[in-house]
Chemist: 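The structure under discussion is supplied below as structure tokens; questions concerning it will follow.
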Amino acid sequence: MTRNRLDQETSPYLLQHKGNPVHWQPWDDEALALARRENKPILLSVGYAACHWCHVMAHESFEDPETAALMNAHFVNIKVDREERPDLDGIYQTALALLGQQGGWPLTMFLTPEGEPFWGGTYFPPVAHYGRPAFRDVLKGIAEVYRSEPDKVTQNVTALRDALTKLAQPAPGPGISLEVTTQIADRLVREVDTAHGGLGGAPKFPQVPIFELFWRAWKRTGDARYRDAVTVTLTHMAQGGIYDHLGGGFARYAVDATWLVPHFEKMLYDNAELVDLLTLVWQETRDPLYEVRVRETIGWVLREMRAPPGQDSRQAFASSLDADSEGEEGKFYVWTEAEVDRVLGDDAPLFKATYGVRPGGNWEGKTILNRLGRPALGDAAFEAKMEACRARLFAARETRVRPGWDDKILADWNGLMIAALANAAIAFREPAWLTAAREAFAFIRDRMSIRGQDRLLHSWRNGQAKHAATLDDYAHLCRAALALHEATGAGTYLAQARRWVETLDRHYWDGANGGYFFTADDAGDLIVRTKNAADSAIPSGNGTMVGVLARLHHLTGETAYRDRADALVAAFAGEIGRNVFPLATLLNNNELLQNALQVVIVGRRGEDDTEALLQALAGCSLPNRVLTVLPPGESLPPNHPAAGKPQIDGRATAYVCRGPTCSLPIAEPGGLGQALALG
């Protein structure tokens, strides 16, 4: 007799299902052994805590006793949090795509007792609807096919196994030139909605790596199409309903073409990526809207997303806020006109005109606050008045029932936010942001590692670190470590990045064909080790590692890092002939590899002349910058182009190097700014 075992888990998503009449099992040896022992197919259900349609299917089917009885009779039912186990989610999402179906969550897959997929889908309604069959009919049909037509199951299993294995062998190539990268940018920029920003029509996702690709193309070529694609997109997102104008932070995506109607969940990774891009673009444009959005978004992160709760220091960052509250999507965030009138009184008319509040609302009878109708910022007095109105509405909103908070700490997502905070802290002169980034890094390094080893764990909650780290965990934390090293000068961050790269090389590198596998060589519960360079909801681990290795090469002078980076690009270079859309992170970091701008400041951090040069550097948008601050008397690697170059007249002195050539010595901040502007 089995039972629902999710009460022993720490994932908020799994705990949401601990009271279901379904005999849910976590993905573990016990559940897989049960399936083999009873020769039952596995029903695998994958979702996450902030997923709206996951909640819908749970209420309609998993809480229903009759549906649960069917599931328990015919299947071993396994529930997985896709954020805890991105390795499992990636394998079975790919399998679903190979079956010709669009992926997403909730993912519903049917597996043999050995974990091999043979059929699946996503959301299934309780009765036939939306062109989808009723879930109970699906259960009965799959159970019957598994019992009476094993040949069909075997045929599907074999076909999917072969296809998954083939996909783990990406197409190599000789490398990717900057000319080819520009051609790809030219191809992709044609997909941009020039009126509203974003790619194509509804739904619209931020697609940050692609817009970073455009920004890099603008910096490299001077073609204004690329600049405009980025600024139009960021402005419309920043003023759209996808942005939380009261509390800060961006929702996951917009369901419409104008960025008005969000899917209301807020994810840590989206906000990290957007803070990074907004900072990079602000460094050139100085658009005050972008600065405000960076400050407000980081304000939200530090106010609402620090975890574990109840601690004053050594906190990292939680995963997400749910889309739903009180069982309704978006209820926490939307307003009626009467509610706005009641809170703001005489100030309501001006606020309503600015934020699109009208009697009938703009979404299901309510209003999603936005400034799409008046995107330009007003003068200081006007914006101060709007800020005061927003503060009053925010205080009123705080009395509402809040959306669910998924407070598990994920290593890869934290890496993204740590790097974003470090970069923004320097650009906007906010040391508190850098402190928060350092504390989060220390939390993960100290509490999410296997004791005595440089082996990370992926997830932490309620005092428990769980699940072997993936490539993405190491890649994004290495990038974060190097961002902290450049921001602080502390050698411990550089040393930690080097040790984690050693772990990746030992346990994840494909010695036969190049590239890093997503999982380690000692991961034992997977049907295949995947390997790709495609961006998903977060930037690709392999693409990110190209940048990590490039930076390590320039910072240490060790050619082994450059050789590994070249081999990594070559392992996936042939993929650009198949589908370039998901390869933006690989392309961006390949540009860094080929076209790094090395800036060396010979001086001591904390001294006025050094800090003045650092501030001049921080004010420039330089996506390929690699910074070294060298105290007088210390030396660069002998193969560094600035090796042996001294201070001038005892003052902090900068050298700007591209390839083997460096600028003349620069001691004035204005002169450094001019040299950087010349590229």
Chemist: Looking at Phe250, Tyr253, Trp259, which one forms a ring-ring contact (aromatic ring centres under 6.0 Å, His included) with Phe205?
Modeler: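 For Phe205, the ring-ring contact (aromatic ring centres under 6.0 Å, His included) check succeeds only for Tyr253.
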
Chemist: Please give me the minimum heavy-atom distance between His245 and Ala238, naming the atom from each residue.
Modeler: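 Smallest heavy-atom distance, with atoms named: CE1-O, 3.6 Å.
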
Chemist: For a 4.5 angstrom cut-off between non-hydrogen side-chain atoms, does Leu15 reach Arg461?
Modeler: yes

Chemist: Less than 4.5 Å apart, side chain to side chain, heavy atoms only: is that true for Phe110 and Tyr146?
Modeler: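 They are not in side-chain contact.
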
Chemist: Between Phe264 and Phe332, is the gap from one ring center to the other below 6.0 Å?
Modeler: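 Between Phe332 and Phe264, which both carry aromatic rings, the centre distance is not below 6.0 Å.
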
Chemist: Is any side-chain heavy atom of Val208 closer than 4.5 Å to one of Asp276?
Modeler: no

Chemist: Counting neighbours of CD on Gln155 that are heavy atoms of other residues, nucleotides or ligands and sit closer than 6.0 Å, is the number greater than 12?
Modeler: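 No, not enclosed.
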
Chemist: Hey, mind stepping through Glu9 and Arg5 against salt bridge (charged side-chain N to carboxylate O under 4.0 Å, His left out) and telling me if it holds?
Modeler: CA-CA 8 Å; Glu9 296 299 304; Arg5 291 199 291 127; 6.0 Å; no

Chemist: Is the shortest heavy-atom distance from the side chain of Asn532 to the side chain of Leu167 under 4.5 Å?
Modeler: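 Not touching, per the 4.5 Å side-chain cut-off.
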
Chemist: Gln93 vs Trp105, test: side chain to side chain contact (heavy atoms under 4.5 Å, CB included). Steps then yes/no.
Modeler: CA-CA 9 Å; Gln93 290 282 359; Trp105 300 278; 3.1 Å; yes

Chemist: Quick check: closest heavy atoms across Thr112 and Ile42, and the distance to 0.1 Å?
Modeler: O-CD1, 3.5 Å

Chemist: Quick one: does Asp535's side chain have a donor or acceptor within less than 3.5 Å of a partner on Thr585's backbone?
Modeler: yes

Chemist: Is there a donor-acceptor contact under 3.5 Å linking the side chains of Thr122 and Arg132?
Modeler: yes

Chemist: Looking just at side-chain N and O atoms, do Asp87 and His458 make a donor-acceptor pair shorter than 3.5 Å?
Modeler: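 Checked: Asp87/His458 side chains show no N/O donor-acceptor pair below 3.5 Å.
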
Chemist: Are the side chains of Met237 and Arg293 in touch, meaning some heavy atoms are under 4.5 Å apart?
Modeler: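 SC-SC contact between Met237 and Arg293 ruled out.
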
Chemist: Any donor and acceptor pair, going by atom type alone, linking the side chain of Asp324 with main-chain N or O of Gly327 inside 3.5 Å?
Modeler: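 Checked: no pair found.
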
Chemist: Taking the inter-plane angle between the rings of Tyr92 and Trp27 on a 0 to 90° scale, is it parallel (under 30°), tilted (30 to 60°) or perpendicular (over 60°)?
Modeler: tilted

Chemist: Between the main-chain N or O of Phe517 and the side-chain N or O of Arg529, is there a donor-acceptor pair closer than 3.5 Å?
Modeler: no

Chemist: Where the side chain of Asp162 meets the backbone of Ala159, is there a donor-acceptor pair that is under 3.5 Å apart?
Modeler: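 Side chain of Asp162 to backbone of Ala159, a donor-acceptor pair under 3.5 Å: no, none is there.
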
Chemist: Using 4.0 Å as the upper bound for N to carboxylate O, is an ion pair formed by Arg402 and Glu304?
Modeler: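 Looking at Arg402 together with Glu304, the answer is yes, because their closest N to O distance falls below 4.0 Å.
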
Chemist: If you round to the nearest 0.5 Å, how far is CD1 of Ile184 from CD1 of Ile576?
Modeler: 4.5 Å

Chemist: For Leu160 and Phe118, work out which heavy atoms get closest and say how close.
Modeler: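 Smallest heavy-atom distance, with atoms named: CD1-CA, 4.0 Å.
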
Chemist: I want to check something: taking the side chain as every heavy atom from C-beta on, are His74 and Lys40 in contact at a cut-off of under 4.5 Å?
Modeler: no

Chemist: At their closest point, which heavy atom of Phe443 faces which heavy atom of Pro308, and how far apart are they?
Modeler: CE1-CD, 3.6 Å

Chemist: Can you confirm whether Tyr243 sits close enough to Thr297 that some side-chain heavy atom of one is under 4.5 Å from a side-chain heavy atom of the other?
Modeler: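 Sidechains of Thr297 and Tyr243: in contact.
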
Chemist: Would a distance-only check, ignoring hydrogens and angles, find a side-chain to backbone donor-acceptor pair under 3.5 Å from Asn362 to Ile368?
Modeler: yes

Chemist: Short question: side chain of Asn4, backbone of Asn20 - any donor-acceptor pair under 3.5 Å?
Modeler: yes

Chemist: Under 3.5 Å, is there a donor-acceptor pair between the Asp472 and Thr470 side chains?
Modeler: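 No pair is found: no donor N or O on one side chain lies under 3.5 Å from an acceptor on the other.
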
Chemist: In Å, rounded to the nearest 0.5 Å, how long is the span from OG of Ser320 to CG of Asn271?
Modeler: 11.0 Å

Chemist: Give me the one residue out of Lys408, Lys79, Glu84, Glu83 that meets side-chain hydrogen bond (donor to acceptor under 3.5 Å, both in side chains) with Tyr13.
Modeler: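 Only one of Lys408, Lys79, Glu84, Glu83 forms a side-chain hydrogen bond (donor to acceptor under 3.5 Å, both in side chains) with Tyr13, namely Lys79.
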
Chemist: Between Asp89 (side chain only) and Arg85 (backbone N and O only), is there a donor and an acceptor less than 3.5 Å apart?
Modeler: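 Checked: no pair found.
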
Chemist: Atom NE2 in His17, atom NE2 in His55: separation rounded to 0.5 Å?
Modeler: 8.0 Å

Chemist: Are the side chain of Asn414 and the backbone of Phe317 linked by a donor-acceptor contact shorter than 3.5 Å?
Modeler: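 Pair found, side chain donor or acceptor close to backbone of Phe317.
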
Chemist: Tell me if the CG atom of Asn579 is crowded by more than 12 foreign heavy atoms within 6.0 Å.
Modeler: yes

Chemist: So which pairs with a foot in residues 197-208 pass salt bridge (charged side-chain N to carboxylate O under 4.0 Å, His left out), sequence neighbours left out?
Modeler: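 Those involving residues 197-208 are Asp193-Lys204.
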
Chemist: Report yes or no: do Glu329 and His263 form a side-chain donor-acceptor pair below 3.5 Å?
Modeler: yes

Chemist: Step by step, would you call Arg455 with His507 a side chain to side chain contact (heavy atoms under 4.5 Å, CB included)?
Modeler: CA-CA 10 Å; Arg455 298 292 298 271; His507 293 288; 3.2 Å; yes

Chemist: Is the count of non-hydrogen atoms from other residues, nucleotides or ligands lying under 6.0 Å from Gln102 atom CD greater than 12?
Modeler: no

Chemist: Strictly under 6.0 Å, is that where the ring centroids of Phe441 and Trp500 end up?
Modeler: yes

Chemist: For Asp473 and Ala411, work out which heavy atoms get closest and say how close.
Modeler: OD1-CB, 3.4 Å

Chemist: Would you check if the side chain of Arg82 reaches a backbone N or O of Val46 as a donor-acceptor pair within less than 3.5 Å?
Modeler: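 Pair absent, no side-chain N/O of Arg82 close to backbone of Val46.
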
Chemist: Taking the ring of Tyr516 and the ring of Tyr474, is the distance between their centroids below 6.0 Å?
Modeler: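 When the ring centroids of Tyr474 and Tyr516 are compared, they turn out to be at least 6.0 Å apart.
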
Chemist: What is the minimum heavy-atom distance between Val138 and Pro133, and which atoms define it?
Modeler: CG2-CG, 3.6 Å

Chemist: Heavy atoms, side chains only, cut-off 4.5 Å: are Leu32 and Arg36 in contact?
Modeler: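 Leu32 vs Arg36: side chains touch.
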
Chemist: Between the main-chain N or O of Gly543 and the side-chain N or O of Asn588, is there a donor-acceptor pair closer than 3.5 Å?
Modeler: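 Pair absent, no side-chain N/O of Asn588 close to backbone of Gly543.
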
Chemist: Under a 4.0 Å N-O cut-off, is there an ion pair linking Asp81 with Lys466?
Modeler: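 Salt bridge: no.
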
Chemist: Please collect all salt bridge (charged side-chain N to carboxylate O under 4.0 Å, His left out) contacts where either partner lies in residues 48-64, sequence neighbours excluded, each pair once.
Modeler: Asp64-Arg136

Chemist: Under the criterion side chain to side chain contact (heavy atoms under 4.5 Å, CB included), I'd like the reasoning laid out for Trp363 against Val255: C-alpha separation, chi angles, the key distance, then a yes or no.
Modeler: CA-CA 11 Å; Trp363 179 71; Val255 302; 5.9 Å; no

